[in-house]
Each structure stands twice: as C-alpha cells, then as structure tokens.
Asks: 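Just dropping this structure here.
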Amino acid sequence: MFEWYQRFYAAVAPDLTADSAYADFCRRVFGRNFAQHGFADMAQVDLLLHALALRPGERLLDLGCGSGGIADYAASAGGVSAVGIDYVEEAIRQASAMHSRSRAHFAVADMARLCFRPAA
C-alpha cells in the first residue's frame with residue numbers, strides 16, 4: 001500500500017488540489033475541499049470533533065493525515081494545536097506547503113512505530 005500512496009501523492013494529489021472541477025466536486029459531495037479523496041464528509045468530521053470535545057489549547061494527533069486538510073480544519077475550528085503524520089514524504093510536503101499558515105504542523109512518521117512518553 002505504501003508504494004501506491006507514494007505514486008498517488010507524487011502524480012495525482014497535486015493535480016487534485018489545484019483542479020477547480022475536483023474542488024467543486026469535493027464541496028458538493030463532502031461539504032468542503034480537503035482533497036480528501038473520498039474519505040470523510042463534513043458531517044463526519046464535525047461529528048468527530050464534537051465527540052472529542054477538544055478545548056482551546058489542547059492537542060490533536062491526526063494519524064495518516066495525507067495532505068493535511070482535516071488537521072488544518074480541526075486546528076482552525078477548535079483553537080487546538082494539531083500534528084498530522086503520514087508515512088508518505090510527498091503527502092507531508094504537500095500538507096506543509098498547503099497549510100503553512102495553520103496551527104497544524106506535519107511530520108513524516110509511521111503510525112505503527114510511534115513512541116510516546118507517558119503524559120504528565
């Protein structure tokens with residue numbers, strides 16, 4: 001699957017984020033253009049954020065963030081700090097470029113190999 005995503009972000013994703021027809025399609029079908037490639041609509045994203053009940057100043061980790069649209073939205077909508085990770089370097093490059101003024105930050109990482117210190 002990793003190779004498929006590498007090819008996708010290298011060849012297709014940049015065109016989708018710049019394509020006005022695709023952006024219109026996402027807005028009509030999903031409610032917003034996250035360049036989400038069919039993963040989640042706004043009702044699902046907003047339901048998730050409501051269930052999380054994040055408060056300003058809290059942190060959110062978006063595993064498999066792709067081009068970062070959902071992490072950016074969550075950070076902007078909830079006043080939280082968001083970190084999006086993906087194992088595809090090109091996806092993270094695009095996320096960082098597209099959301100450079102965001103409260104979200106992006107890093108290349110494999111969610112199967114994350115090491116976290118216990119919370120204080």
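For reference, positions follow the sequence shown, starting with 1.
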Asks: Apply side chain to side chain contact (heavy atoms under 4.5 Å, CB included) to the pair Asp41 and Val45, showing each step before the final yes or no.
Replies: CA-CA 6 Å; Asp41 64 24; Val45 171; over 6 Å; no
Asks: Could you pull out the closest heavy-atom pair between Ala82 and Ala71, with the gap in Å?
Replies: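 The pair with the smallest heavy-atom distance is CB-O, 3.6 Å.
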Asks: Check whether any side-chain N or O of His105 sits under 3.5 Å from a backbone N or O of Ser96 as a donor-acceptor pair, and report yes or no.
Replies: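 Side chain of His105 to backbone of Ser96: no pair is present.
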Asks: Is Arg103 reaching over with its side chain to a backbone N or O of Asp72, donor-acceptor style, under 3.5 angstrom?
Replies: no
Asks: Ignoring hydrogens, what is the shortest heavy-atom contact between Ala91 and Asp86? Give both atom names and the distance.
Replies: CB-CG, 4.3 Å
Asks: Measure the OG-CD distance between Ser67 and Glu90 for me, rounded to the nearest 0.5 Å.
Replies: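 That separation rounds to 11.0 Å.
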Asks: For the hydrophobic clusters of this structure (ILVMFWY residues joined by side-chain heavy atoms under 4.5 Å, transitively), does one cluster hold both Met111 and Leu61?
Replies: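 Yes, one cluster joins them.
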Asks: Assess whether atom CD of Gln44 is packed by more than 12 heavy atoms of other residues, nucleotides or ligands within 6.0 Å.
Replies: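 Check passes, neighbour count above 12.
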Asks: Using a distance-only test with no angle check, is there a side-chain donor-acceptor pair under 3.5 angstrom linking Asp46 and Tyr73?
Replies: yes
Asks: Please give me the minimum heavy-atom distance between Glu58 and Val80, naming the atom from each residue.
Replies: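 Closest approach of Glu58 to Val80: O-CB, 3.2 Å.
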Asks: Measure the spacing between CE of Met42 and CD1 of Ile70 and express it to the nearest 0.5 Å.
Replies: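 If we round to the nearest 0.5 Å, Met42:CE and Ile70:CD1 are 8.5 Å apart.
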Asks: What closest approach, in Å, do Ala104 and Ala75 show between heavy atoms, and which atom pair accounts for it?
Replies: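 The answer is N-CB, 4.0 Å.
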Asks: For side chain to side chain contact (heavy atoms under 4.5 Å, CB included), just list the numbers for Leu52 and Leu60, CA-CA rounded to whole Å, side-chain angles, deciding distance to a tenth of an Å, and then say yes or no.
Replies: CA-CA 9 Å; Leu52 290 172; Leu60 171 76; 3.9 Å; yes
Asks: For side chain to side chain contact (heavy atoms under 4.5 Å, CB included), just list the numbers for Ile85 and Val83, CA-CA rounded to whole Å, side-chain angles, deciding distance to a tenth of an Å, and then say yes or no.
Replies: CA-CA 7 Å; Ile85 66 164; Val83 174; 4.2 Å; yes
Asks: Please report the closest heavy-atom contact between Gly68 and Phe106, naming both atoms and the distance.
Replies: CA-CE2, 3.5 Å
Asks: Parallel, tilted or perpendicular for Tyr87 and Phe2, by the 30°/60° rule?
Replies: perpendicular
Asks: What are the two closest heavy atoms between Ile92 and Gly84, and how far apart are they?
Replies: CD1-O, 4.1 Å
